[in-house]
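These notes concern the structure reproduced below.
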There are 2 protein chains.
Amino acid sequence: MKPRLSDIARNLSVSAATVSLALSGKGRVSNEMVARIKAEANRLGYSPNPMGKALRTGRSQVIGLVLPDVANPLFPRMARSIVMAAEEHDFGVLIADSHDSPAKQNEAMKRLVDLGSDGIVVIPRKGTEVGPQPIPVAVIDALGSAQNVVSADHAGGGAIAIGHLQEAGHRRILCVGETRSSLVQRTRIGGMVGAAAPDAQLLQLWLEDAPDVVGLIRDGATAIATTSDMIALQLLTELGKAGLNLPEDYSLVGFDNLDFAGIISPALTTIGTSEAEIAERAILGLTRLINSGAPVESQVVPMHLVRRETVKQLARRKN
Amino acid sequence: MKPRLSDIARNLSVSAATVSLALSGKGRVSNEMVARIKAEANRLGYSPNPMGKALRTGRSQVIGLVLPDVANPLFPRMARSIVMAAEEHDFGVLIADSHDSPAKQNEAMKRLVDLGSDGIVVIPRKGTEVGPQPIPVAVIDALGSAQNVVSADHAGGGAIAIGHLQEAGHRRILCVGETRSSLVQRTRIGGMVGAAAPDAQLLQLWLEDAPDVVGLIRDGATAIATTSDMIALQLLTELGKAGLNLPEDYSLVGFDNLDFAGIISPALTTIGTSEAEIAERAILGLTRLINSGAPVESQVVPMHLVRRETVKQLARRKN
DNA sequence: CACAGCAGATTAATCGTTTTACCTATGAGG
DNA sequence: CCTCATAGGTAAAACGATTAATCTGCTGTG
């Protein structure tokens, strides 16, 4: 059905070896021959059979991607960035789901290996460790791990959020995360408190404790920094029901720059990641690992402020 | 490095053929031999080299998945469902991005083919047609197309939304979509107006026309049905700024049951899809296509109401 | 006793490509 | 005129599995 290498060879009365060499530009083939071969390949619409090639070379040009629970709303953009970066390097991306279960995470990786991946990119589920694998692995956002290749600067992002709020004059700030069990969230909160000005009061709150945010705002807190836009949205609607409005009654900053952040009104100020850069570095690291086996050093990519409408500049009281 | 079929054969002093036959349970191999071979395979941690197998059988056990612009917020759950369904049928999923461009959609498909997929599932970008491909294709949600294998019942979903609103006593309802260029959105709206009660007034609105929703609600419309939770969220925050609150001042129903729908307060009533069922049917259709080549008939899967807090029962005026 | 039939295993071809080692003119240099 | 390097090309061996065809003893039967 589909044309093979040998079809080109037969049509041109040359050997398959010559065709292969000509198309890959590796051996010594006359310019004229190369031209004729390429022309014929084109005419037939030839593209090499990936299995034949993979079997011979030991490389499938496919990498696996393991994503954490779908609950993570960063999923789509991260996946997309990984796919695009992989494409740049001529790799396809096999995707696997860790099914919200740490155990399944390893199963997923095994499946990817068994399907023939050349390497794996994993964004681990919170609280899991990625075991040693028979093929190269690049881990994203595994803040502690040795296999980590690149992470977002979550602490730095937290610092940016608080810095922005403090510049706008806020001093009593609520830092709210969802659950302590997420290292990423803890790190973000850590960055926040680390950036506190000497005269500022930051209060750490976890949604799992069902804190009384409305009461705290009424008691004089003027701003909220969250570890996720999702939390910000939840808070925003709850405070709204209580009659507290944005940005006049309090200021709010989210995290992750999710899709809806720019759509709601007022638009949510938040902290964004360069998924593209993270993906690019992860893929770069992984391809190096695949090609040379040399370990790559872990990198941190900065986050940035997405300035929108939910942070209000406070009037200076004294100067 | 990794054990091959022949390693097992050598260790047990049998031929490779016997090992293959034993492991696949196909040929005539004595029970005792099968047991010994399986034991040895286990001991070595053998798993077959996918390229060798694929080259011989002509099947890679991998299907491709082409997703539309990332703007579609259904993306993550749909992808996940497809991956899970594929897994059930022992297929891996190669993912490709259509880069928000209709032209790239075909490029993406070509890449998947060149990478060795056995078939392709595509959720086409709005307004694009999927050309003929060298391998089987199952199209999801291509309302018109012949290649369509399964779609959600968007019109039915619209009808459910309006039905629910009408049951709660609403008669003046705003139906708001984002853009007329989306066939899915037009179909949803179509379903809505088709379900209108004789005494009801439904008004079609498109965000691209920047309609004055606040004014219309003040003028007496009591409910809004949208074609997407995203639109619902946008409206909800805008109306909130204008002092119109949910559910006392108006009722609202979204579409798609996005992540945030259950988190905001009050929680958003919306129309949900069974992504799992759609995915299951798509994969089933595709595997049939791959194995037998027999065309499968297109199916429609129903949507359902997710009843939450944004629809208010209106007091009966007359009885 | 000869032979058909069968269980249990093996041989060898095959899938499509890459790549090493080898072959054969041709022209240059001595 | 002989040798030799070299350019241009080819043959053949992998890679790791599957599977059709074949072989080898047996057993049971007429």
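Chain identifiers are assigned alphabetically (A, B, ...) following the order of the sequence lines, protein sequences preceding nucleic acid strands; residue numbering begins at 1 within each chain.
As rounded to whole Å, 8 Å separates atom P of dT18(C) from atom CG of Leu23(A). As rounded to whole Å, 18 Å separates atom P of dC15(C) from atom CG of Asn49(B). With rounding to whole Å, Ile8(A) atom CD1 is found 13 Å from dG16(C) atom P. Following rounding to the nearest Å, Asp7(A) (CG) and dG16(C) (C1') show an atom-to-atom distance of 11 Å. As a whole-Å value, the separation of Asn31(B) CG from dA7(C) P is 13 Å. Atom CZ in Arg10(A) sits roughly 14 Å away from atom C1' in dG16(C) (whole-Å rounding). Per the geometry, CD1 belonging to Ile37(B) stands 13 Å off P belonging to dA17(D), to the nearest Å. Between Glu32(A) atom CD and dA7(D) atom P there is a gap of 17 Å when expressed in whole angstrom units.
Toward the 5′ end of DNA chain C lies the nearest nucleotide of Ser15(B), the other residue of the pair Ser24(A) and Ser15(B) mapping further downstream. Comparing Ser30(A) and Lys2(B), the nucleotide of DNA chain D nearest to each residue sits closer to the 5' end for Ser30(A).
Using a cut-off of 4.0 Å between Lys/Arg side-chain N and Asp/Glu carboxylate O, Lys104(B) and Glu107(B) are scored as not salt-bridged. Under the 4.0 Å criterion applied to side-chain N and carboxylate O atoms, Arg111(B) and Asp114(B) are not assigned as salt-bridge partners. Under the 4.0 Å criterion applied to side-chain N and carboxylate O atoms, Glu40(A) and Arg36(A) are not assigned as salt-bridge partners.
Using a 4.0 Å cut-off, no side-chain N or O of Lys26(B) falls inside it from OP1 or OP2 of dT18(D). Within the 4.0 Å cut-off from OP1 or OP2 of dA17(D), not a single side-chain nitrogen or oxygen of Ser20(B) is found. Phosphate proximity of dT18(C) to Thr57(A): absent, as no side-chain N or O sits under 4.0 Å from OP1 or OP2. In this structure, Tyr46(B) reaches the dA17(D) phosphate: one of its side-chain N or O atoms is under 4.0 Å from OP1 or OP2. Within the structure, every side-chain polar atom (N or O) of Lys53(B) is placed at least 4.0 Å from both OP1 and OP2 of dG16(D).
For the helix from dC1(C)-dG30(D) to dG30(C)-dC1(D), the rotation axes defined at the first and last 5 base pairs enclose an angle of 70°, given to the nearest 10°.
Remark: the Ser182(B) side chain and the Thr179(B) side chain contain no N/O donor-acceptor pair separated by less than 3.5 Å. Side chains of Asp118(A) and Ser60(A): a donor on one and an acceptor on the other come within 3.5 Å.
Closest approach to the Leu5(B) side chain among dA9(C), dT18(D), dT19(C) is made by dT18(D) (side chain taken as heavy atoms from C-beta onward). In the set dG16(D), dA9(C), dT18(C), the nucleotide with an atom closest to the side chain of Arg4(B) is dG16(D). Taking the side chain of Arg28(B) as heavy atoms from C-beta on, and the options dT19(D), dA9(C), dT17(C), the nearest nucleotide is dA9(C). Comparing atom distances between the Val29(B) side chain and each of dT19(C), dC15(D), dA9(C) picks out dA9(C) as nearest. The side chain of Arg56(A) lies closest to dG16(C), out of dG16(C), dT10(C), dT18(D). Of the candidates dG16(D), dT18(D), dT10(C), dG16(D) carries the atom nearest the Leu55(A) side chain, counting heavy atoms from C-beta on. Ranking dA11(D), dT19(D), dG16(C) by closeness to the Ala17(A) side chain, first place goes to dA11(D).
Residue Met51(A) is out of contact with every strand shown, counting any heavy-atom pair closer than 4.0 Å.
Using a distance-only test at 3.5 Å, with no hydrogens or angles considered, no donor-acceptor pair links the side chain of Asp153(A) to the main chain of Val301(A). At least one donor-acceptor pair closer than 3.5 Å links the side chain of Ser98(B) to the backbone N or O of Leu67(B). Using a distance-only test at 3.5 Å, with no hydrogens or angles considered, no donor-acceptor pair links the side chain of Asp90(A) to the main chain of Gln61(A).
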